[in-house]
Number of protein chains: 2
Amino acid sequence: MLSKRAKYAIKTILFLFENKDIVPVSAKYISEKENIPYKFLENILRDLRTHQVVKSTRGPVGGYSLAKDPNDITVTQLMRIIDGPVALIPCVSEKFYEACGECEDEETCRIRKLFFELRSEMVGVLNKSIVELSNL
Amino acid sequence: MLSKRAKYAIKTILFLFENKDIVPVSAKYISEKENIPYKFLENILRDLRTHQVVKSTRGPVGGYSLAKDPNDITVTQLMRIIDGPVALIPCVSEKFYEACGECEDEETCRIRKLFFELRSEMVGVLNKSIVELSNL
DNA sequence: TCATTACCCTACAAAAATTATAGGGAAATT
DNA sequence: AATTTCCCTATAATTTTTGTAGGGTAATGA
């Protein structure tokens, strides 16, 4: 399952992209327009800022805007920042690998092989930029 | 993430298939061989029996065996029995559809479109039978 | 028949992850 | 200086996951 956090993050980035004429946009505004709990959103935005997907400015006319070319922001990136691995089991994760400690030999584990293939296919679909997502 | 329950279920079915010469196999035996907590496994087996993936016989020489042709048991089936939807968001689930209640219009929701495509690809990979899984 | 083995069933509990909420501090603008 | 908005830590409520406990029921074999 995609977490609400991740879904909110994707919606937020899409929102910033599609409202680039009025950026920076305050968290409060995004929160109201996208129906995301304000404090929860702030927390998500902090993660996105830490990972330099978003940049912020303070003060009365402050808010958030994209920190880079929307063509360079992908859905996989956002999912990894917010939820961690895209893979369904950690032993086939590209960015968050962990041994499962169950199988004798990773190289011959059939479940691993299947979910390795699955992860590849998933990344193939999810490696879309925000621009591409916007045009779907 | 794939739950442990689902992973245990897949391992159990694979085990029953690959040990068809000694079936029925007791839950205790599977539990020991596959390192699955006994009572937890019983619970999983109950679900699998309810869904007629597995059949059981009681008494001292009893145990579990596959209830149908292993070519007709797929990984998606097992995941759906144990974890529910394969889809990462409920509004694109084939078998467990639920409205998200967030977007104005499902037909035009871009996130939905993306995760619909994702689910299709996932099912494409996961619709492998136990026989195919065994041969990976 | 009777002890043993193994499935069957309900309820509950511990742990982890998810989804927030609370309360205030710091910077920028007017 | 007052207002707005980002910034940060801590904690609480809820749900899901992962198991445990305890006993009942059917079949076998001595």
Side-chain angles (χ1 to χ4, degrees), chain A residues 1-9 11-12 16 22-32 34-65 67 79 81-85 88-90 96 98 100-102, chain B residues 1-9 11-12 16 22-32 34-65 67 79 81-85 88-90 96 98 100-102:
Chain A
M1 270 296 206
L2 187 76
S3 70
K4 286 211 169 193
R5 261 178 79 83
K7 193 174 182 185
Y8 290 160
K11 290 178 81 173
T12 296
L16 288 178
I22 56 165
V23 295
V25 179
S26 74
K28 186 173 173 238
Y29 187 74
I30 301 171
S31 158
E32 284 163 0
E34 295 290 339
N35 276 294
I36 304 172
Y38 175 68
K39 286 290 192 178
F40 198 38
L41 176 61
E42 271 198 320
N43 195 269
I44 293 165
L45 283 164
R46 187 167 171 262
D47 274 1
L48 294 175
R49 189 180 54 81
T50 300
H51 289 85
Q52 322 199 344
V53 174
V54 133
K55 63 188 170 193
S56 58
T57 54
R58 304 215 252 198
V61 293
Y64 295 88
S65 52
M79 288 176 65
I81 289 169
I82 303 296
D83 281 352
L88 261 45
I89 51 179
F96 300 86
E98 274 179 63
C100 76
E102 285 180 40
Chain B
M1 271 296 207
L2 188 74
S3 71
K4 286 212 168 194
R5 263 178 78 82
K7 192 173 182 187
Y8 290 160
K11 290 178 81 173
T12 295
L16 287 177
I22 57 166
V23 294
V25 179
S26 73
K28 186 174 173 236
Y29 187 75
I30 301 170
S31 158
E32 285 164 358
E34 295 289 341
N35 277 293
I36 304 171
Y38 174 67
K39 286 290 193 179
F40 198 37
L41 177 61
E42 271 197 321
N43 194 268
I44 294 165
L45 283 165
R46 185 166 173 264
D47 274 0
L48 295 175
R49 189 179 55 80
T50 300
H51 289 84
Q52 321 198 346
V53 174
V54 132
K55 62 187 171 194
S56 58
T57 55
R58 301 216 255 196
V61 294
Y64 295 89
S65 51
M79 288 176 65
I81 290 169
I82 302 297
D83 281 350
L88 293 197
I89 51 179
F96 301 87
E98 275 178 63
C100 76
E102 285 179 40

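Numbers restart at 1 for each chain; the letters A, B, ... are given by sequence-line order, proteins then strands. Treat the numbers as computed from the prediction; the structure is a model and nothing was measured.
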Walk along DNA chain D from 5' to 3' and tell me the first and last nucleotide with an atom closer than 4.0 Å to a non-hydrogen atom of chain A.
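The footprint of chain A covers D:dT3 to D:dT9.
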
Side chain to side chain contact (heavy atoms under 4.5 Å, CB included), that's the test. Do A:M1 and B:L88 meet it? Break it down for me.
CA-CA 4 Å; A:M1 270 296 206; B:L88 293 197; 5.6 Å; no

Distance-minimising heavy-atom pair for B:L2 and B:A6
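The pair with the smallest heavy-atom distance is CD1-CB, 3.7 Å.
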
Taking distance alone, no hydrogens or angles, what donor-acceptor pairs closer than 3.5 Å link side-chain atoms of residues 44-57 of chain A to residues at least two apart or in another chain?
unit_1: A:D47; atom_1: OD2; unit_2: A:R5; atom_2: NH2; d: 2.6
unit_1: A:T50; atom_1: OG1; unit_2: A:R46; atom_2: O; d: 2.9
unit_1: A:H51; atom_1: ND1; unit_2: A:D47; atom_2: O; d: 2.9

What distance do A:I30 atom CD1 and A:Y64 atom OH have between them, rounded to the nearest 0.5 Å?
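If we round to the nearest 0.5 Å, A:I30:CD1 and A:Y64:OH are 8.0 Å apart.
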
I need the B:S3 OG to B:M79 CE distance, nearest 0.5 Å.
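Nearest 0.5 Å value for the OG-CE distance: 8.5 Å.
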
Using a 4.0 Å heavy-atom cut-off to protein, can you give one letter per nucleotide of nucleotides 14-22 of chain C, 5' to 3': B if the base is in contact, S if only the sugar-phosphate is, - if neither?
-----SBBB

Nearest-0.5 Å distance that lies between atom CG in B:D83 and atom CD1 in B:I81
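The CD1 atom of B:I81 is 11.0 Å from CG of B:D83, to the nearest 0.5 Å.
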
Within residues 44-53 of chain B, find the residues that approach DNA chain C with a heavy atom at under 4.0 Å, and present them sorted by residue number.
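Those residues whose heavy atoms fall under 4.0 Å from DNA chain C, taken from residues 44-53 of chain B in numerical order, are B:R46, B:R49.
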
List the residues meeting side chain to side chain donor-acceptor pair (under 3.5 Å) with A:K11, not counting sequence neighbours, and say none if there are none.
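Partners of A:K11 under the side chain to side chain donor-acceptor pair (under 3.5 Å) test: B:E102.
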
Evaluate the side-chain proximity of A:I82 to A:Y8: yes if any heavy-atom separation is below 4.5 Å, no if none is.
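The answer is no; the side chains never approach within 4.5 Å.
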
Applying side-chain contact (heavy atoms from CB on, under 4.5 Å), can you list everything that pairs with B:Y38, at least two apart in sequence or on another chain?
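Applying side-chain contact (heavy atoms from CB on, under 4.5 Å) to B:Y38 gives B:A27, B:K28, B:S31, B:E42.
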
Would you say A:I22 and A:Y29 make side-chain contact, with heavy atoms under 4.5 Å?
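Touching, per the 4.5 Å side-chain cut-off.
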
